[in-house]
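This report concerns only the one structure given below.
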Protein chains: 2
Amino acid sequence: MHVTLQDVAKLAGVSAKTVSRVVNNQGELSEATRQRVQAAIDQLGYRPNILARSLVNQRSNTLAVVAWGIDYYGPSRTVVGIEKRSDELGYSLFLNLMAHPDNGDIDRILDNLVERRVEGIIWAVPEVGANRGWIDSARLDRLPPIVFLSTQAQPGLTTVSVNNRHGAIEVTQHLIAQGRRRIGLITGPQAWWEARERSAGWQEALQRAGLNPDPTLVVGADWSAVSGALAMRTLLERAPDIDAVFACSDQIALGALGVAHQSGRRVPQDVAVAGFDDTPESAFFWPPLTTVHQQLIDVGCIAVQNLHQIIEAKRKSDLEVTLESTILMPELVIRESSARH
Amino acid sequence: MHVTLQDVAKLAGVSAKTVSRVVNNQGELSEATRQRVQAAIDQLGYRPNILARSLVNQRSNTLAVVAWGIDYYGPSRTVVGIEKRSDELGYSLFLNLMAHPDNGDIDRILDNLVERRVEGIIWAVPEVGANRGWIDSARLDRLPPIVFLSTQAQPGLTTVSVNNRHGAIEVTQHLIAQGRRRIGLITGPQAWWEARERSAGWQEALQRAGLNPDPTLVVGADWSAVSGALAMRTLLERAPDIDAVFACSDQIALGALGVAHQSGRRVPQDVAVAGFDDTPESAFFWPPLTTVHQQLIDVGCIAVQNLHQIIEAKRKSDLEVTLESTILMPELVIRESSARH
DNA sequence: AGCGCTGTCGTCAGCGATAACGACAGCGCT
DNA sequence: AGCGCTGTCGTTATCGCTGACGACAGCGCT
């Protein structure tokens with residue numbers, strides 16, 4: 001079927017080992033034979049079988065990313081970073097998507113990855129509900145090194161995430177600085193750790209400013225624009241005097257913007273709106289949206305970089321290393337939707 | 001390092017082959033030993049090494065997707081479909097992203113995939129410029145079966161794509177049916193096959209309706225909202241009497257909508273706007289956007305399904321099979337941005 | 001009793017590659 | 001001439017697993 005080392009060896013009139021030396025650029029051979037072997041390789045179109053090499057080397061040179069929500073902006077960007085760095089470091093990358101973020105065939109997926117002997121795993125599934133329940137040290141001991149993304153830091157786990165709370169604080173403080181006083185909050189689903197963090201940031205910023213976080217100004221949504229629209233409607237009914245809204249995602253903000261327009265309110269004159277994520281579209285919402293930018297590609301790159309370090313350390317010293325958590329600071333992006341009235 | 005078949009065999013007091021039989025559910029063994037072996041497997045937490053199995057079976061059970069633009073809505077959705085079907089069919093999936101759609105380390109990527117002995121490849125890189133130039137039969141003979149997405153059908157290649165031209169025709173005809181007569185076009189980059197198809201659809205629909213496709217009403221953009229905004233400005237300067245615009249992507253449409261608002265025009269009363277892609281946001285643009293929906297997840301699923309068929313056929317009869325091209329019909333989604341004035 | 005058959009299980013070789021070691025020619029040296 | 005050394009290359013074993021085949025006990029049968 002495929003051309004093998006032996007085939008090349010036979011053609012070049014040398015032993016298999018010699019061909020192996022040429023392929024792997026190990027010295028110890030004369031220029032003459034190297035060229036002869038190389039010619040045979042080219043002639044036959046020989047490509048080494050990495051599976052066989054992995055078997056004897058005890059290294060698969062593969063990583064895996066387990067993700068959810070790839071068809072949303074955030075997760076897919078993160079995966080781009082993961083793939084990029086993996087490639088740069090010489091790993092091939094397996095992609096595994098979960099059907100739902102909150103349950104799923106975790107066992108099946110992990111078993112498969114172990115069987116494929118991946119050297120490390122990036123866990124890019126958002127922390128929602130108890131979907132981190134499977135993590136315990138006994139389990140982790142049987143698994144390759146794992147780096148967890150978008151998750152609460154905890155001892156014994158290597159994590160990379162963005163400081164959602166900090167981002168939320170910055171937006172809210174910005175709204176306050178623009179003279180807003182009745183600032184509503186449309187939250188993401190509270191089962192999500194990231195959503196809770198953003199909500200907490202809103203609350204913290206208000207308290208720091210001596211403003212009272214009014215519970216009637218808080219409405220839940222599910223990240224989507226539809227739910228954002230519904231929430232905004234509720235918000236406007238409950239508190240017609242509201243003068244700003246922090247939506248916990250750009251999509252939610254988009255829905256909220258639509259309802260604000262329909263209600264005859266001007267944005268930002270009557271009500272300011274801010275989002276979170278900085279999707280490419282947000283700069284072209286009507287009006288352009290103030291939001292929070294996350295360096296998601298960096299998150300992916302750093303995650304793989306850390307994973308690589310752990311793998312290398314493990315191979316050399318055989319002792320288990322877990323890096324500390326890495327936390328990136330998001331950046332406030334100010335646009336028209338929050339301009340001073 | 002890892003627990004091996006031998007370890008289990010030793011513990012259970014049987015031969016390695018017997019353990020292998022248990023793992024693979026091959027008959028020929030008594031219930032007693034099966035249970036004893038299974039107990040040993042559980043106790044040691046044994047997981048078979050798929051690399052070794054692949055080596056002897058001559059099957060890697062892996063597929064690969066080569067893609068670009070995963071952080072955009074369309075490509076990422078397609079990948080979701082690809083992953084889903086791959087998983088269902090028992091394949092593991094390698095993810096390879098190209099840095100740019102139009103050049104790139106194609107050789108490096110393909111070499112790597114061959115070395116990993118993937119059984120098939122999904123080529124999910126859009127056709128732009130001459131980036132399909134590497135395809136020739138001599139080359140393909142040395143490669144595993146490939147299914148090409150979003151590409152012009154051509155003999156000898158298995159392709160799965162959406163009929164972009166048809167979609168564009170439908171939008172344009174819809175705009176005409178709404179009473180519009182001066183219908184502008186903001187195209188995607190003409191190096192892209194899909195962009196050319198959409199442009200051609202606009203032209204064809206106008207001609208069919210007996211309207212003259214006016215070249216001054218055609219402006220180019222690069223898919224992004226920024227470029228859409230620029231193009232819309234140009235369009236309004238050139239033809240202030242324009243009464244509709246077909247933007248070749250939702251992002252372009254978004255930019256166009258913003259400029260329309262800024263120019264004091266009402267959408268859809270003064271100018272109708274339509275897009276292409278049906279991104280989740282488009283239903284919440286201001287106003288909600290008329291657009292074209294593509295079944296991208298289906299595209300991914302079908303692609304893998306076809307690939308699987310080819311692989312199976314090849315394994316059984318050893319003769320090379322290439323399926324015909326599959327073309328999906330997109331669907332027009334009518335929303336407020338194109339309502340009758 | 002002796003036959004063959006079936007059910008169970010083990011032995012052996014080999015998938016494609018590499019590490020460790022060994023073999024051998026040619027060299028310079030005393 | 002005889003020594004060891006270096007450079008170059010081959011031999012062997014092994015990674016973890018499975019297919020082909022063989023071995024053997026226990027069974028029913030004539």
Side-chain angles (χ1 to χ4, degrees), chain A residues 1-38 40-41 44-62 92 111-119 144 315, chain B residues 1-38 40-41 44-62 111-119 315:
Chain A
M1 186 80 170
H2 266 115
V3 180
T4 163
L5 254 191
Q6 290 292 350
D7 301 334
V8 179
K10 215 167 297 174
L11 178 62
V14 296
S15 76
K17 178 63 205 184
T18 300
V19 180
S20 168
R21 279 191 262 254
V22 173
V23 172
N24 297 315
N25 251 319
Q26 295 168 321
E28 299 206 342
L29 32 75
S30 69
E31 189 53 30
T33 58
R34 137 158 290 133
Q35 287 185 5
R36 194 151 39 92
V37 171
Q38 187 61 52
I41 290 177
L44 295 178
Y46 168 74
R47 292 279 113 204
N49 184 326
I50 296 198
L51 301 177
R53 182 183 288 169
S54 297
L55 193 57
V56 35
N57 282 346
Q58 300 283 53
R59 291 208 62 179
S60 67
N61 275 97
T62 54
S92 288
D111 277 354
N112 185 260
L113 295 181
V114 171
E115 292 177 2
R116 295 240 173 233
R117 299 297 190 265
V118 301
E119 299 188 30
R315 287 199 330 125
Chain B
M1 187 79 171
H2 267 115
V3 180
T4 162
L5 255 191
Q6 289 292 351
D7 300 333
V8 179
K10 216 168 296 173
L11 178 62
V14 296
S15 76
K17 178 65 206 184
T18 300
V19 181
S20 167
R21 278 191 262 254
V22 173
V23 172
N24 296 317
N25 252 320
Q26 295 168 320
E28 300 206 339
L29 33 74
S30 69
E31 189 54 29
T33 57
R34 139 157 289 132
Q35 287 183 5
R36 193 151 41 92
V37 171
Q38 187 61 53
I41 290 177
L44 296 179
Y46 169 73
R47 292 280 111 203
N49 185 328
I50 297 198
L51 301 178
R53 183 183 290 169
S54 297
L55 194 56
V56 31
N57 283 346
Q58 300 284 54
R59 290 208 62 178
S60 67
N61 274 98
T62 54
D111 278 353
N112 184 260
L113 295 181
V114 171
E115 293 178 0
R116 294 242 173 231
R117 298 298 189 263
V118 301
E119 299 188 28
R315 288 200 329 126

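Chain identifiers are assigned alphabetically (A, B, ...) following the order of the sequence lines, protein sequences preceding nucleic acid strands; residue numbering begins at 1 within each chain.
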Practice task
Check whether any side-chain heavy atom of S92(A) sits under 4.5 Å from a side-chain heavy atom of N61(A), and report yes or no.
Solution key: no
Exercise for the section: Using the heavy-atom set of chain B and a strict 4.0 Å cut-off, write down the first and last nucleotide of DNA chain C that makes it in, 5' to 3'. Expected result: dT8(C) to dG16(C)
Exercise for the section: Answer yes if the side chains of N25(A) and R34(A) hold a donor-acceptor pair under 3.5 Å, and no otherwise. Expected result: yes
Practice task
Looking at every strand, decide which applies to T33(A) at a 4.0 Å heavy-atom threshold: base, sugar-phosphate, or nothing.
Solution key: sugar-phosphate
Problem - Distance-only donor-acceptor check, side chains T4(B) and N49(B), under 3.5 Å - result: no
Practice task
Using a 4.5 Å cut-off on heavy atoms from C-beta on, say whether the side chain of V14(A) contacts that of R36(A).
Solution key: yes
Exercise for the section: Please report, rounded to the nearest Å, how far the P atom of dG16(D) is from the CD atom of E115(A). Expected result: 15 Å
Handout entry: Any donor-acceptor N/O pair under 3.5 Å between dG10(D) base and R21(A) side chain
Key = yes
Problem - Phosphate OP1/OP2 of dG16(D) contacted by Q58(A) side-chain N/O (<4.0 Å) - result: yes
Exercise for the section: In whole angstrom, give the distance that lies between atom CG of N57(B) and atom P of dG16(D). Expected result: 17 Å
Practice task
Report the distance from atom CD of E31(A) to atom C1' of dC9(D), rounded to the nearest whole Å.
Solution key: 16 Å
Practice task
Would you please say whether a donor-acceptor pair under 3.5 Å links the side chains of S54(A) and R59(A)?
Solution key: no
Practice task
Check the distance between dC17(D)'s P and K17(B)'s NZ and give it to me in whole angstrom.
Solution key: 12 Å
Practice task
Answer yes or no: is there a side-chain heavy-atom contact under 4.5 Å between T62(A) and R116(B)?
Solution key: yes
Practice task
For DNA chain D, write out the stems as range with range, using runs of 3 or more consecutive Watson-Crick or G-U pairs with both distances under 3.5 Å.
Solution key: C:1-30 with D:1-30
Exercise for the section: Please work out if L29(B) contacts a base, only the sugar-phosphate, or nothing of the nucleic acid, heavy-atom cut-off 4.0 Å. Expected result: sugar-phosphate
Handout entry: Under 4.0 angstrom between T4(B) side-chain N/O and dC17(D) OP1 or OP2
Key = yes
Exercise for the section: Indicate, with a heavy-atom threshold strictly under 4.0 Å, whether V14(A) touches base, sugar-phosphate, or nothing. Expected result: sugar-phosphate
Fill in the blank from the handout: Rounded to whole Å, the CG-C1' distance (L55(A) to dC15(D)) equals 4 Å
